2 protein chains.
Amino acid sequence: MPTDIEIASSVTPDPSQRLRQSLGFPQNVEPYGLNKAKINYSKLDPKAKLILVSAINPTPAGEGKTTISIGLTDSLAKIGKNACVAIREPSLGPVFGIKGGAAGGGHAQVIPMDEINLHFTGDIHAISAANNLLAALLDNHIHQGNDLRIHPKKITLRRCIDLNDRALRNVVIGLGTAGDGIVRDDGFYITAASEVMAILCLSRDISDLKRRLGNILIAYNVDGDPVYAKDLKAENAMAILLKEAFKPNLVQTLEGTPAFIHGGPFANIAHGCNSVIATKTAMTFADYVVTEAGFGADLGAEKFLDIKCRGNGLAPSCVVIVATVRALKMHGGILKTELAAPNAEAVSRGCENLKKHIENITGVFGLKAVVAINRFTTDTDDEINAVKHACAVLGVKAILTDVHQNGGAGGRELAQEVVDICENNTNPKITFPYTLEDGIKEKVSAVCQKIYGAGKVVFLPKAKTEIEKITAMGYSTLPVVIAKTQYSFSEDAALIGRPSGFTVNIREIQLRAGSGFIVAVAGDIMLMPGLPKIPAAYNMLLNDDGTVSGLS
Amino acid sequence: MPTDIEIASSVTPDPSQRLRQSLGFPQNVEPYGLNKAKINYSKLDPKAKLILVSAINPTPAGEGKTTISIGLTDSLAKIGKNACVAIREPSLGPVFGIKGGAAGGGHAQVIPMDEINLHFTGDIHAISAANNLLAALLDNHIHQGNDLRIHPKKITLRRCIDLNDRALRNVVIGLGTAGDGIVRDDGFYITAASEVMAILCLSRDISDLKRRLGNILIAYNVDGDPVYAKDLKAENAMAILLKEAFKPNLVQTLEGTPAFIHGGPFANIAHGCNSVIATKTAMTFADYVVTEAGFGADLGAEKFLDIKCRGNGLAPSCVVIVATVRALKMHGGILKTELAAPNAEAVSRGCENLKKHIENITGVFGLKAVVAINRFTTDTDDEINAVKHACAVLGVKAILTDVHQNGGAGGRELAQEVVDICENNTNPKITFPYTLEDGIKEKVSAVCQKIYGAGKVVFLPKAKTEIEKITAMGYSTLPVVIAKTQYSFSEDAALIGRPSGFTVNIREIQLRAGSGFIVAVAGDIMLMPGLPKIPAAYNMLLNDDGTVSGLS
């Protein structure tokens with residue numbers, strides 16, 4: 001099979017004018033290069049059926065959630081539906097690091113693949129600039145006299161950069177002479193982990209964007225009182241830097257189906273899905289909108305539902321849970337090196353992980369679900385039947401798809417099931433695991449117990465103090481974002497499958513007043529990845545004609 | 001008079017298709033938003049008359065070099081010429097700091113002004129990303145075992161960011177735990193001062209771009225031997241990040257004249273003018289191309305001629321030297337607070353600065369010159385006559401222009417003189433102050449003595465050692481870039497007017513093996529500006545309809 005970039009390069013994307021016609025867009029398309037566009041449409045009327053693609057807990061075997069999202073959309077188009085996909089935009093960090101790009105794979109890709117994986121339309125750079133302008137204004141304020149009496153040891157804001165660069169995790173800045181600022185500890189997050197990224201993705205309009213940017217908690221002063229970005233008069237300049245980035249990006253799949261790719265927040269420290277404005281724009285023009293949430297359903301789908309949907313009156317008519325036989329085998333205890341050997345029993349054991357996710361979606365959230373088995377040629381009939389059987393017990397269909405190999409044609413059955421579910425689910429309603437009025441502890445505990453299956457939730461002393469402080473500041477009605485490993489329902493990455501009775505230890509609580517959520521940290525969360533010994537960057541080639549090789 | 005952004009916003013730019021027709025472009029226009037485009041044209045045949053706009057040494061009174069460059073181009077168009085301007089793109093640092101934007105002023109602006117001053121087409125972000133990927137690969141290499149035996153105290157590469165942020169001038173990175181890289185001193189330059197910026201602007205094609213990126217000297221190893229970017233296999237990944245940024249940007253003036261805005265290197269640490277590829281593209285399609293070099297003619301024009309022109313077989317048919325009565329009065333010893341009072345005698349004294357620049361252009365470089373007096377309403381006839389008289393003595397015309405107030409109509413006389421000079425100068429030839437075969441010391445001394453008027457050039461011990469090392473490494477035939485204050489011909493910013501007999505002390509020599517020049521440092525050079533007490537960012541407003549106020 002050819003490589004992803006070879007397949008991606010074999011199709012010339014439709015220029016944006018033709019593409020917009022397929023969605024019936026009015027005159028609000030701003031071209032970016034020959035194959036990308038931004039949509040600047042403010043009269044949003046999101047009426048489409050929304051389909052969320054989520055997954056089991058990720059394993060090193062790979063699940064292919066983005067590939068299924070793109071392929072399913074092509075499949076919906078193939079069976080005659082006016083469909084559109086809305087997903088996150090890739091970060092440069094993983095592209096040059098270990099993971100590669102995030103534009104799907106095989107015959108289920110969005111194009112132009114190289115540009116989407118590189119700077120795309122510049123959104124992430126704009127976010128870095130807005131975040132780092134705020135940091136520069138903060139340090140400049142202290143340097144110029146510090147009228148706000150900011151405590152240099154109580155600064156919560158971090159700088160950011162859209163690269164994997166472990167050397168920037170912990171830095172000391174402001175060294176040099178008297179004119180070179182004040183010395184203090186700082187650090188860089190990868191831009192996807194910055195609060196500005198979350199804000200861009202959650203803001204309804206420019207006025208909401210400015211309000212949220214102004215509300216970023218950047219520090220405490222010497223009295224312990226909060227200092228916000230608006231105290232530095234930073235929100236307008238930041239919003240100016242974000243005004244183009246705030247417009248959703250329109251591209252297409254290999255098969256010509258419209259694709260919105262906009263925003264890309266982490267799913268541990270943030271809510272992990274593409275922008276509200278892109279989802280709503282897609283839902284205004286298409287009849288079926290497929291969207292995706294980061295990591296497994298415990299992290300991504302939970303946040304998508306509790307934060308993005310709750311805050312915007314959205315609800316998915318159908319949730320697709322992606323699994324592979326190989327990954328389920330790993331959840332069943334098989335090592336990655338031994339996945340080639342057929343083992344239906346291990347698959348059955350691993351299905352416990354899948355079943356918990358299904359139960360969460362259907363039981364806790366009260367939504368309709370279908371399982372997509374992302375097929376590999378090595379899968380045996382016995383193994384596939386094991387998955388189907390496990391799902392059938394819960395009243396959910398598990399459907400084989402091979403969009404990676406066959407594009408939209410490989411997901412017709414899945415698309416038909418999704419359509420059937422949507423047609424019979426005209427007014428989906430989410431049952432939330434907590435209400436916003438619950439206390440912070442209750443909200444965190446509800447997610448840990450109902451969604452993760454934890455036996456006990458312990459709030460360590462630091463977290464308790466922070467909860468009291470944030471409650472006193474009046475922010476206790478915000479939803480919660482739990483930052484934990486994506487590999488397990490628990491806080492221990494090694495506990496694969498379906499662990500139960502475990503304890504979740506909440507070590508730290510952080511207020512994201514601009515994003516509008518409270519982060520509860522359960523474990524060490526990587527906010528700045530590093531590069532591997534042989535970075536993907538080493539294998540790339542820019543040919544003299546401007547084409548790229550070695551991008552995956 | 002309305003503000004720059006009010007004037008800029010009053011004109012709707014031509015969509016790129018119409019604009020490209022005026023230049024007769026073939027199908028190589030890639031739109032970026034509704035009002036910007038990139039030109040991807042490889043068969044370059046630069047045949048236009050090239051006009052360089054330079055200036056006296058800058059003063060706090062302001063000279064308006066970019067405004068004259070843009071206005072003159074509109075004036076050339078007004079008198080029936082197929083004209084085009086090619087200038088540098090603005091950095092975000094000054095936009096949010098103290099200087100404001102760099103898109104001209106009044107009725108001589110390039111538009112869309114706000115977007116050109118903000119992220120434009122993302123070029124500068126791409127440069128930051130390429131530079132910082134190289135830095136991440138370098139630190140990762142050391143962290144992963146350091147096969148190249150790089151000495152962590154002998155790293156010459158710096159990270160960069162496109163903001164004014166003094167707190168990042170001197171930092172320590174790699175703090176934290178064993179997994180967080182190695183601890184070392186580092187610092188951030190503003191992106192315009194990075195070598196990658198200079199390389200983008202000097203590269204002829206993608207193959208040349210990769211070669212130059214690979215040749216960036218990033219460190220020395222423990223034996224003292226040089227380590228280059230190519231030793232880290234970084235040049236292809238970096239070039240991939242730069243592949244779109246490498247294409248020149250096409251916009252227009254307020255009057256609809258085509259404008260290339262591409263690349264923006266500093267004129268002290270680098271060569272200070274827009275990209276070779278943009279200038280050559282403009283010269284392929286227009287008959288008259290106006291371009292600009294940074295700071296005064298001692299820094300900008302010298303480097304434009306000795307580096308950009310020499311390396312690419314270009315020569316300007318005419319050099320325009322911009323001056324204002326106000327600035328000349330300051331060179332004549334008048335304080336900024338007392339500029340309102342007429343003082344023709346001070347203007348005459350200040351003209352000594354202007355005359356030295358004229359003598360350099362006509363006498364040293366052997367080129368044709370004209371002086372453009374950028375008119376202010378407060379200028380008196382006596383003062384203007386003082387300028388005209390000073391120039392007439394040297395056989396050069398000084399022509400009043402008021403393009404700021406009147407657009408292209410305000411520079412007709414200047415345009416006619418430029419055309420007359422060009423028509424009578426069919427084969428311009430530059431007499432270079434040094435040849436590439438001269439030794440490094442001889443080259444630096446030639447510029448200091450012939451162009452600056454220095455009496456003596458002293459190479460401090462560190463510089464001497466570096467010269468020996470660079471010569472032994474085989475780089476002595478590169479041209480030189482002298483980094484000194486822009487405010488004076490000398491290394492002392494306070495020595496305005498026309499100082500003579502002064503000593504230039506060369507403290508340090510740096511090899512820019514990728515850019516292809518040797519930097520000789522004479523004084524403290526600011527490579528990362530700071531923000532003022534009241535940054536321009538504080539006065540900006542993003543309106544709810546997405547329009548910007550307060551950008552200047």
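For clarity, every value in this text was computed on a predicted model and none was experimentally measured. Each chain gets a letter, A, B and so on, in the order the sequences are listed, and its residues count up from 1.
- Between A:R159 and B:L168, the closest side-chain pair of non-hydrogen atoms falls below 4.5 Å.
- A:D180 places no side-chain N or O within 3.5 Å of a backbone atom of B:R166 that could act as its donor or acceptor partner.
- Interface summary for chain B: among A:P535, A:G179, A:A234, A:G122, the most heavy-atom pairs under 4.5 angstrom belong to A:G179.
- Interface residue B:L92: only side-chain heavy atoms are found under 4.5 Å from chain A.
- Remark: the B:N249 side chain and the B:D123 side chain contain an N/O donor-acceptor pair separated by less than 3.5 Å.
- For the set A:L133, A:L209, A:T177, A:D139, the entry with the most heavy-atom pairs within less than 4.5 Å of chain B is A:L133.
- Within residues 239-248 of chain A, the residues approaching chain B closer than 4.5 Å by heavy atoms are, in numerical order, A:A239, A:I240, A:L241, A:K243, A:E244.
- Contact of the A:L157 side chain with the A:N131 side chain is registered, since non-hydrogen atoms from C-beta on lie closer than 4.5 Å.
- Annotation for A:D524: atom CG does not count as buried by contact number, only 12 or fewer foreign heavy atoms lying within 6.0 Å.
- In this structure, chain B has heavy atoms under 4.5 Å from both the backbone and the side chain of A:V172.
- Using a 4.5 Å cut-off between heavy atoms, B:L118 contacts chain A through its side chain alone, with no backbone atom that close.
- For chain B, the nearby part of A:D114 is the side chain; its heavy atoms alone come within less than 4.5 Å.
- For B:L232, the parts lying under 4.5 angstrom from a heavy atom of chain A are both the backbone and the side chain.
- Interface remark: of the candidates A:E115, A:K233, A:R169, A:H119, A:H119 forms the most heavy-atom pairs closer than 4.5 Å to chain B.
- Between A:H125 and B:H125, the ring planes are parallel. Angles under 30° get that label, and only those over 60° would be called perpendicular.
- For the set A:K38, A:K210, A:R184, the entry with the most heavy-atom pairs within less than 4.5 Å of chain B is A:K210.
- The greatest number of non-hydrogen atom pairs below 4.5 Å with chain B, out of A:D186, A:I173, A:L175, A:V171, is found for A:L175.
- In this structure, the side chains of B:M197 and B:D162 stay at 4.5 Å or more apart for every pair of heavy atoms.
- A:N539 does not touch chain B: none of its heavy atoms, backbone or side chain, sits under 4.5 Å away.
- With chain B as partner, the option from A:G546, A:S549, A:P532, A:G93 having the largest number of non-hydrogen pairs under 4.5 angstrom is A:P532.
- Only the side chain of A:I161 comes within contact range of chain B, with at least one heavy atom under 4.5 Å from a heavy atom of that chain.
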